[in-house]
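Bear in mind that the values here come from a model prediction, so they are computed numbers and not experimental data. In the text below, chain A, chain B and the rest are named by the order of the sequence lines, each starting its count at 1.
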Amino acid sequence: MIRFTNTLSGAKEPFVPLVPGEVKLYTCGPTVYDEAHIGNYRAYMFEDLLKRFLKYSGFRVTHVMNITDVDDKTIRGANAKGVGLEEYTAPFIRAFHEGLAVLRIEPADVYPRATAHIPDMVRIIKGLLEKGVAYRKDGSIYFKISRFPDYGRLSKFDLSELRPSGRIESDEYEKESIQDFALWKAPKEGDPVWETEIGPGRPGWHIECSAMSARYLGQPFDIHCGGVDNIFPHHENEIAQSEAFAGRPFVNYWLHCHHLIVDGEKMSKSKGNFYTIPDLVQTRGIDPMALRLLLVSTHYRKVLNFTFEALDQAAAGLRRIRDFLFELETRAFPAGSSPEIALLLVDTRAKFDEGLADDLNISISLTALFELIRRVNVLIKEDRLAAGDAIAVAAYVYSLDGVLGIMPPRPGERDLPAELRAKVEAREKARKARDFSLADKIRKELAAAGVVLEDTKDGVRWKIVRTSGGS
RNA sequence: GGCGCGGUACCCAAGUGGCUAAGGGAGAGGUCUGCAAAACCUCGAUUCGCCGGUUCGAAUCCGGCCCGCGCCUCCA
């Protein structure tokens with residue numbers, strides 16, 4: 001049984017999809033006004049783990065991730081640069097997809113863009129007006145919170161106790177109640193304007209998610225994810241719009257991940273602790289898979305403290321997994337297989353699956369993997385592992401890649417360029433001739449190229465220790 | 001002030017009433033090795049933010065306190 005912590009109830013609940021075997025998933029994507037940072041990717045990584053685990057568990061998953069390409073910040077950015085909205089957001093959208101690819105985050109089925117779904121939003125706003133849940137004021141349209149008694153259920157905010165913050169005072173739009181939020185914004189100097197049957201203007205922020213989730217997933221659907229900072233107001237408002245419009249529930253399970261901080265502090269450009277994928281991978285030469293393991297291995301409901309030490313630790317863990325596979329693939333084992341290993345794999349699988357099934361408790365799952373590695377390493381050391389065992393264990397570990405996404409390419413998919421291969425052979429010759437200084441010199445050259453040599457009693461073997469990043 | 005997360009070894013982190021408090025990293029010593037790498041073995045928290053309480057028994061339950069973090073109207 002799979003269980004998730006549902007923000008709606010605040011408790012761990014058994015996960016039961018609306019349609020057996022199928023999961024409809026909506027995750028809040030980027031607002032493309034700037035380059036995404038590793039904190040943003042932490043959320044996408046959590047969602048990737050969730051989706052991969054659901055698929056691994058046998059569900060068919062339909063995943064929708066929105067791209068917010070019209071809002072205050074994108075408009076401001078485009079105006080500042082003197083270009084159109086589309087021209088302004090295009091490079092950020094491209095960079096976002098590149099970041100996903102570098103981190104091996106599986107693509108969503110659809111990436112709907114807000115600007116391409118204005119008619120869907122208009123239809124909902126029109127419906128809300130007709131029901132009297134929305135009202136017009138100075139060309140804008142607002143959602144009337146007083147008409148939605150359930151408001152605050154997700155964030156557990158009591159409206160009467162909401163403390164006004166500075167932002168309310170600076171709001172440029174007139175509303176009946178400060179808690180009402182904009183569905184549609186009246187045309188303003190410099191804003192893009194859509195001519196629609198509810199009048200000219202542009203959409204508010206929250207309406208796109210209500211409109212696009214309904215279009216691609218229906219209502220209700222199973223799981224909606226995002227960062228904790230989206231709980232209020234964004235997700236609360238989505239619920240209000242969608243449920244008031246359709247008269248039925250919006251989402252069954254809300255899953256939210258916590259933030260990523262850097263060295264114990266919030267990441268911000270002014271502090272200089274603001275990292276993007278290219279910063280780490282291209283500029284600093286970080287293995288993207290180490291970053292992936294780091295992001296994925298901290299439980300999603302805990303704050304992730306990003307440090308370079310933690311990144312090194314993740315890289316070390318990754319190395320242990322890779323070296324283990326390398327061992328299984330490059331050693332000569334005696335023929336046969338043992339029931340002991342078959343049993344060990346059954347136990348490992350049970351523990352691994354159980355961990356993730358319990359609200360994505362990945363620590364348990366990784367422990368299961370590392371325990372398998374340690375036990376099999378002992379057997380290798382004692383010459384008790386047979387060829388069939390090695391194949392079975394390696395196949396199992398690779399199968400986990402469906403969930404973890406960190407494994408190296410399989411043996412057939414990796415090779416050394418001819419020049420490096422020649423160096424490996426040259427070193428072997430030197431070593432046989434006991435010219436160790438030449439042998440060590442070549443070893444160093446190979447190391448600089450990211451290739452590590454290991455001398456075993458069965459001869460030399462090489463492994464690639466750096467995954468080339470990005471481009 | 002409200003709502004929500006968290007505080008377990010040098011670092012990351014599991015464990016929510018009971019066998020010796022998982023696992024990974026780093027460190028120290030050892031085996032192996034031309035050197036190295038990997039692997040293996042050994043060592044490492046009498047103790048879980050603090051103080052009380054409940055209990056035969058508490059990291060785990062209850063009460064109080066301290067500390068860190070997030071959200072509180074367009075932030076993942």
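In this structure, A/His206 and A/His234 have tilted ring planes: the angle between them lies in the 30° to 60° band. The aromatic rings of A/Phe250 and A/Phe221 lie perpendicular to each other, with more than 60° between the two planes, well past the 30° mark.
The aromatic ring of A/Phe370 does not sit over the base of B/G23, since the test of centres under 5.5 Å and planes under 30° is not met.
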Quick one: which protein N/O atoms are closer than 3.5 Å to N/O atoms of nucleotides 4-14 of chain B? Pair and distance per line, please.
| unit_1 | atom_1 | unit_2 | atom_2 | d |
| --- | --- | --- | --- | --- |
| B/C5 | O2' | A/Arg301 | O | 3.3 |
| B/C11 | O2 | A/Gln313 | OE1 | 3.3 |
| B/C11 | O2 | A/Gln313 | NE2 | 3.0 |
| B/A13 | O2' | A/Ser363 | OG | 3.3 |
| B/A14 | OP2 | A/Lys302 | NZ | 2.9 |
| B/A14 | O3' | A/Asn361 | ND2 | 3.2 |

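Take A/Thr7 and apply the side-chain contact (heavy atoms from CB on, under 4.5 Å) test, not counting sequence neighbours, and it matches A/Leu154, A/Ile231, A/Trp254, A/His256.
Scanning both residues, A/Ile67 and A/His97, for their nearest heavy atoms gives CD1-NE2, 4.0 Å.
In summary, of the residues considered (A/Tyr111, A/Tyr300, A/Phe96), a ring-ring contact (aromatic ring centres under 6.0 Å, His included) with A/Tyr44 occurs for A/Phe96 alone.
A gap of 41 Å separates the C1' atoms of B/G63 and B/C43, to the nearest Å. Comparing the C1' positions of B/G18 and B/C61 gives an interatomic distance of 14 Å, to the nearest angstrom.
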Check: residues 442-453 of chain A side-chain donor-acceptor pairs under 3.5 Å, at least two apart:
| unit_1 | atom_1 | unit_2 | atom_2 | d |
| --- | --- | --- | --- | --- |
| A/Arg443 | NH1 | A/Leu453 | O | 3.4 |
| A/Glu445 | OE1 | A/Lys423 | NZ | 2.9 |
| A/Glu445 | OE2 | A/Lys441 | NZ | 3.4 |

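Between A/His235 atom NE2 and B/C3 atom C1' the separation is 17 Å, expressed in whole Å. When rounded to the nearest whole Å, the span between CG of A/Leu318 and P of B/G23 equals 20 Å. Atom pair A/Asp358:CG and B/A22:C1' shows a separation of 15 Å (rounding to whole Å applied). The CD-P distance, from A/Glu428 to B/G34, rounds to 13 Å in whole Å. Here the C1' atom of nucleotide B/A22 and the CG atom of A/Leu372 are 16 Å apart, to the nearest Å. The distance from atom CG of A/Asn230 to atom P of B/C71 is 11 Å, rounded to the nearest whole Å.
The side chain to side chain donor-acceptor pair (under 3.5 Å) analysis of residues 346-358 of chain A, with sequence neighbours excluded, yields the pairs A/Lys12-A/Asp358, A/Tyr56-A/Arg349, A/Tyr56-A/Asp353, A/Lys351-A/Glu371.
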Counting primed atoms, P, OP1 and OP2 as sugar-phosphate and everything else as base, the B/S/- map of nucleotides 35-44 of chain B against protein heavy atoms under 4.0 Å is BBBSSSS---
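Paired runs in RNA chain B that reach 3 or more consecutive Watson-Crick or G-U pairs, where each pair keeps both distances under 3.5 Å, cover B:1-7 with B:66-72, B:10-12 with B:23-25, B:27-31 with B:39-43, B:49-53 with B:61-65.
The side chain of A/Phe436 approaches B/G34 more closely than any other nucleotide in the set B/G23, B/C71, B/G34.
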